[in-house]
Structures are given as structure tokens and as C-alpha cells.
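Beneath this line is the structure, given in C-alpha cells, with notes to follow.
As the structure is a prediction and not an experimental result, all values here were calculated from the model.
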Amino acid sequence: MFIKWEEEKVGYALLSLAIGFEILGTNLLKLSVGFTRVGIGITSLACYGVSFYLMALSYQKLPLSVAESIWAALGIIAATLLGQFVYHERVVLAQWLGVCLIIVGVLLVSFNNSN
């Protein structure tokens with residue numbers, strides 16, 4: 001039991017890093033202004049590459065449905081927050097409702113997988 005918990009802990013650490021690099025890559029992609037700022041665009045691609053590598057490693061420790069749903073949800077949440085608070089994009093109530101539904105979906109997938 002202890003070994004399984006330790007493996008999951010490593011899996012969640014890898015997943016967290018993958019999410020961080022994915023969010024960084026997404027932010028840099030926005031800052032590359034359609035790849036007109038090539039250096040920033042290439043750095044964005046490198047971040048995505050690291051993110052996918054770390055995701056592949058996390059899949060060895062975590063169920064695919066849990067890892068993928070958490071990764072996708074946190075990416076969407078981060079993009080929404082970055083859009084509103086960093087890039088001053090308008091985010092309407094319906095979009096926030098969608099974000100809340102995503103969170104509920106991730107919780108349902110994760111909860112059902114642990115039983």
C-alpha cells in the first residue's frame with residue numbers, strides 16, 4: 001500500500017510539472033504574437049515538448065483518465081485566468097460556469113477512479 005501511494009505521489013509531482021510547462025508554453029505562445037516573435041515561439045514549443053514528456057512519465061504512475069482530466073482542466077482554468085487577469089480579455093459568466101462544470105467533472109472522474 002505504501003509503495004502505491006509513493007508511486008502516485010511521484011505521478012502527481014510529474015503531472016504538476018507537466019501542467020506548469022503546458023501553462024508556460026500557452027502563455028509564451030500568446031506572447032509570440034502568432035510566431036512573429038520567433039524566439040518566444042520556439043521557447044513555447046520547447047515548453048510543450050517538456051510538458052508532453054512529463055505527461056508521458058506521469059501516465060506510468062497514474063490512471064490515464066485521472067491524469068488527462070486534471071491536465072486538461074487545469075490548463076483551461078489557467079488559460080481563463082490568464083486571459084482575464086493578465087491579458088485583460090473579457091470572460092463572461094457563462095465561461096465561468098463552464099470552468100466550474102469542468103472542475104466538477106474532474107472531481108467526478110478522480111473520485112470514481114479511486115473506488
Does the side chain of [X] reach to within under 4.5 Å of the side chain of [Y], using non-hydrogen atoms?
X: Glu7; Y: Val10; result: no
X: Leu29; Y: Phe35; result: yes
X: Leu28; Y: Tyr48; result: no
X: Ile70; Y: Ile19; result: yes
X: Ile23; Y: Leu82; result: yes
X: Glu89; Y: Lys30; result: yes
X: Ile77; Y: Thr80; result: no
X: Tyr59; Y: Glu68; result: yes

Subject >> Between CG on residue Leu54 and CG on residue Leu17, distance to nearest 0.5 Å >> reply: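 Here the rounded value is 5.5 Å.
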
**OP:** Hey, could you give me the CD/CG distance between Glu22 and Asn27, rounded to the nearest 0.5 Å?
**Re:**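 Result: 11.0 Å between the selected atoms.
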
Same cluster or not: [X] versus [Y], using hydrophobic residues (I, L, V, M, F, W, Y) connected whenever any side-chain heavy atoms lie under 4.5 Å apart?
X: Leu74; Y: Leu81; answer: yes
X: Leu14; Y: Phe52; answer: no
X: Leu64; Y: Leu107; answer: yes
X: Leu31; Y: Phe85; answer: yes
X: Val91; Y: Val86; answer: yes

Original post:
Would you say Tyr87 has more than 12 foreign heavy atoms packed within less than 6.0 Å of its OH?
Top reply: yes

Original post:
Heavy-atom count around Tyr53 OH within 6.0 Å, excluding the residue itself: above 12?
Top reply: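 Atom OH in Tyr53 is not crowded, with 12 or fewer foreign heavy atoms closer than 6.0 Å.
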
Looking at every heavy atom in both [X] and [Y], which two are closest together, and how far apart are they?
X: Val33; Y: Arg37; result: CG2-CD, 3.9 Å
X: Leu15; Y: Ser58; result: N-CB, 3.9 Å
X: Ala73; Y: Val106; result: CB-CG2, 3.2 Å
X: Cys47; Y: Leu24; result: SG-CD2, 3.6 Å
X: Met55; Y: Trp71; result: CE-CE3, 3.6 Å

